[in-house]
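Notes follow once the structure below has been shown.
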Amino acid sequence: MQRIILDTDPGIDDALAFLLLAASPEISLEAITVTHGNTSVDKCTENALKLVELAGISHVPVARGADQPLVKALSVAEETHGDGGLGYAVLPASKVQIVEPKAVDLIIELIHKYPKEITLLCIGPMTNIALAILKDPSIVPLVKNVVSMGGTFHFPGNSTPDSEYNVFCDPEAFDIVVRAGFDLTIVPLDVTYQCIFTKEHLTRLKEVKPSIREFIEDSTRFYMEFHDEYQAIDGCAINDPLAAAILVKPELVSLRDYYVTVELKGEHTRAKTSADHFKTLNKQPNAKVAMEVDVPGFMDFFIERMKSL
Ligand code: BDR
Ligand code: CA
């Protein structure tokens with residue numbers, strides 16, 4: 001059983017990752033820590049509380065985290081995820097309450113409680129994790145590993161021409177995490193933008209519990225409209241669930257060892273992530289980066305797990 005802390009900004013694809021984790025008995029979800037990102041931290045927290053009820057995991061503690069990035073101004077992506085963050089889906093008000101301590105302290109507390117057992121699954125901006133490192137650097141060697149949906153290397157950016165949204169939202173935080181010395185796996189747009197969830201996939205959800213199926217239909221309808229209008233993509237990229245899926249099925253992706261950097265200053269390239277493919281910098285790799293993905297394998301896995309909820 002893998003102990004996971006999910007750090008998240010729900011968000012439509014974050015919500016799908018919640019569902020996938022809830023459907024994965026291999027995983028013990030120790031906490032959900034919420035950050036600003038796809039919308040404000042208040043709305044993301046509200047969504048997390050509703051989603052744990054929908055997914056049948058209301059026992060998992062949900063903690064509110066950072067309301068703004070370390071340095072840059074707050075960004076939200078309501079054109080991508082809707083005003084409330086979950087597209088056209090409307091979930092009932094949650095009976096679940098947030099826990100104390102807040103996200104950063106809960107992350108630190110759980111890492112000390114389970115030394116070398118915790119995987120940090122990070123599917124939003126890295127602010128909470130960076131703040132935890134700054135507050136208590138002793139956590140770094142105690143973390144088993146970090147899996148991050150973030151960055152883009154050879155694929156275009158989805159926030160600026162060169163930057164991926166989670167890194168764009170808080171580049172300094174991502175930089176702190178990349179340089180911290182974790183066993184770090186990065187799941188970038190290079191692979192997630194191959195995982196396009198389409199109307200055809202929706203037709204395969206007939207056996208899924210109605211509340212879950214309706215949520216997936218209503219949330220992804222908005223997400224598909226965004227992808228169509230802004231990116232001329234038929235369907236929607238389900239980024240965050242891929243990062244969750246590889247915890248259970250690592251063979252879905254091929255990883256390459258890279259020395260990864262984050263541009264913090266560039267006029268046009270701030271928040272760009274780079275991988276030193278030809279070792280031009282002569283540096284030791286600091287991350288394993290997913291560069292190939294078994295798309296049908298992932299889609300089948302996601303759909304099958306939804307049927308088990
Ligand atoms: C990432 O940004 C967010 O909009 C998604 O939830 C995902 O985590 C993709 O760039
Ligand atoms: Ca996200």
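These numbers come from a predicted model, not from an experiment. Just follow the structure's listing: the first ligand is 1, and inside any ligand the first atom is 1.
- For Asp13, every heavy-atom contact with ligand 1 shorter than 4.0 Å involves the side chain, none the backbone.
- For Tyr223 and His81, the distance between ring centers is under 6.0 angstrom.
- In summary, Glu46 and Lys43 do not engage in a salt bridge, as defined by a charged side-chain N under 4.0 Å from a carboxylate O.
- Using a cutoff of 4.0 Å between basic side-chain nitrogens and carboxylate oxygens, Lys279 and Asp276 are not scored as salt-bridged.
- Under the 3.5 Å distance criterion, with hydrogens and angles disregarded, a donor-acceptor pair is assigned to the side chains of Glu30 and Ser28.
- Under the side chain to side chain contact (heavy atoms under 4.5 Å, CB included) test applied with Leu120, the options Ile129, Ile4, Leu184 reduce to a single match, Ile129.
- At least one heavy atom of Asn166 sits closer than 4.0 Å to an atom of ligand 1.
- Defined by atom type and a distance below 3.5 Å, a donor-acceptor pair is missing between the side-chain atoms of Asp234 and His227.
- The Ca ion (ligand 2) has an N, O or S atom of Ile123 closer than 3.0 Å.
- Residues Asp7 and Thr33 have side chains that bring a donor and an acceptor to within less than 3.5 angstrom of each other.
- Of all protein heavy atoms, the one lying nearest to atom 8 (O) of ligand 1 is Asp240 OD1, 2.6 Å.
- Side chains of Asp162 and Thr160: a donor-acceptor N/O pair is absent below 3.5 angstrom, by distance only.
- Results of the ring-ring contact (aromatic ring centres under 6.0 Å, His included) test with Tyr88 over Phe222, Phe215, Phe226 single out Phe222 as the only residue that passes.
- The Ca ion (ligand 2) forms the vertex of an angle spanning OD2 of Asp240 and OD1 of Asp14; to the nearest 10 degrees it equals 70°.
- Protein heavy atom nearest atom 3 (C) of ligand 1, with residue, atom name and distance: Asn38 OD1, 3.2 Å.
- Listed by atom number, the atoms of ligand 1 under 4.0 Å from Asn239 heavy atoms are 9 (C).
- Atom OD1 is the N, O or S atom of Asp9 at the shortest distance from the Ca ion (ligand 2).
- Atoms of ligand 1 lying under 4.0 Å from any heavy atom of Asp14, numbered from 1 in the order shown and given with element: 6 (O).
- At a cut-off of 3.0 Å, Asp13 is not counted among the residues with an N, O or S atom near the Ca ion (ligand 2).
- Annotation for ligand 1: atoms under 4.0 Å from non-hydrogen atoms of Tyr165 are 2 (O), 3 (C), 4 (O), 10 (O).
- Contacts between Asn158 and ligand 1 below 4.0 angstrom, taking non-hydrogen atoms only, involve the side chain exclusively.
- Shown in contact with Glu164 at under 4.0 Å from a heavy atom are these atoms of ligand 1, numbered in order with element: 1 (C), 2 (O), 9 (C), 10 (O).
- Less than 4.0 angstrom separates some heavy atom of Met149 from each of these atoms of ligand 1: 1 (C), 7 (C), 8 (O), 9 (C).
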